[in-house]
Amino acid sequence: MPTPSETPSPADLPQVDLSDLQATLGQEAKRIIPIVLDSFLKESAGYIAALEAAQDLETCTRFVHNLKSSSATLGVMHFSALCKEAEKVARSGDEAGFRKLAAGLIEAYGAVRQAVTAELEAMRSAQ
């Protein structure tokens, strides 16, 4: 995993697999998916910031649950799996274990954000 000062190459970015979402949305996919991607970028940044500041596990559980679901919708399955594990540990009450997983999740988010941004820019330039 690159350090925050390094910029990952496109090959190192997490995979964004929109195929399920495209199949679900059908003909509306080209119109709706950029909105969904933009929404993810805005909301996920807020969840990550709140996760960094949150003190109690109940609040943290809600944030990672939302990140898990939204990243799965975009087909960012590795990040969704990280969120799922963090949610499971938070629900178990293991605060130290959760904090360790959350730190990795927060670190991984930078690459996820970059990958989703690249996908959004590619969709916008193709229109």
Side-chain angles (χ1 to χ4, degrees):
M1 179 66 65
T3 63
S5 63
E6 297 175 352
T7 302
S9 72
D12 294 331
L13 292 177
Q15 178 67 36
V16 177
D17 182 0
L18 299 170
S19 58
D20 287 344
L21 186 57
Q22 289 168 331
T24 300
L25 295 173
Q27 293 179 337
E28 294 295 314
K30 286 185 180 182
R31 182 181 66 80
I32 295 174
I33 288 178
I35 296 167
V36 172
L37 293 173
D38 191 52
S39 177
F40 173 83
L41 290 170
K42 290 175 184 168
E43 291 178 16
S44 62
Y47 292 140
I48 291 294
L51 186 60
E52 291 175 309
Q55 298 300 313
D56 66 288
L57 284 179
E58 184 179 330
T59 301
C60 292
T61 302
R62 283 196 315 269
F63 296 141
V64 294
H65 176 81
N66 290 340
L67 286 166
K68 175 190 74 174
S69 300
S70 59
S71 59
T73 298
L74 301 182
V76 188
M77 301 315 290
H78 178 70
F79 187 71
S80 182
L82 291 174
C83 294
K84 182 177 182 177
E85 183 62 23
E87 180 182 14
K88 177 181 166 187
V89 171
R91 289 188 191 281
S92 77
D94 179 0
E95 186 162 352
F98 172 78
R99 297 292 175 197
K100 183 177 179 182
L101 289 170
L105 208 162
I106 290 165
E107 182 180 333
Y109 174 72
V112 170
R113 182 171 180 78
Q114 188 175 347
V116 172
T117 299
E119 188 70 32
L120 179 59
E121 289 172 356
M123 291 185 86
R124 287 181 174 157
S125 68
Q127 292 180 358

Kindly indicate, with the supporting measurements, whether the criterion side-chain hydrogen bond (donor to acceptor under 3.5 Å, both in side chains) is fulfilled by Ser19 and Asp17. CA-CA 6 Å; Ser19 58; Asp17 182 0; 2.7 Å; yes
With no hydrogens and no angle check, is any side-chain donor or acceptor of [X] less than 3.5 Å from a backbone partner on [Y]?
X	Y	result
Ser92	Val89	yes
Gln55	Ala53	yes
Tyr109	Phe79	no
Arg91	Thr61	no
Ser69	Asn66	no

Hey, is Arg31 close enough to Glu28 for a salt bridge, meaning N to O under 4.0 Å?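 Salt bridge between Arg31 and Glu28, a charged N being under 4.0 Å from a carboxylate O: yes.
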Is any side-chain heavy atom of [Y] closer than 4.5 Å to one of [X]?
X	Y	answer
Leu74	Leu37	yes
Ser71	Val112	no
Glu87	Cys60	no
Val64	Phe98	yes
Asp94	Lys88	no
His78	Pro14	no

In this structure, would Met77 and Leu101 fall into the same cluster of hydrophobic residues linked by side-chain contacts under 4.5 Å?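 The answer is no; the residues belong to distinct hydrophobic clusters.
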Where do Gln15 and Val76 land on the side-chain contact (heavy atoms from CB on, under 4.5 Å) test, with the steps shown first? CA-CA 6 Å; Gln15 178 67 36; Val76 188; over 6 Å; no
Around atom CG of Asp20, are there more than 12 heavy atoms from other residues, nucleotides or ligands closer than 6.0 Å?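 No - once you tally the heavy atoms of other residues, nucleotides and ligands closer than 6.0 Å, there are 12 at most.
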Looking at every heavy atom in both Leu18 and Ile33, which two are closest together, and how far apart are they?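 Smallest heavy-atom distance, with atoms named: CD1-CG2, 3.8 Å.
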Heavy-atom pair of closest approach, residues Ser80 and Lys68: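 That closest heavy-atom pairing would be OG-O, 3.0 Å.
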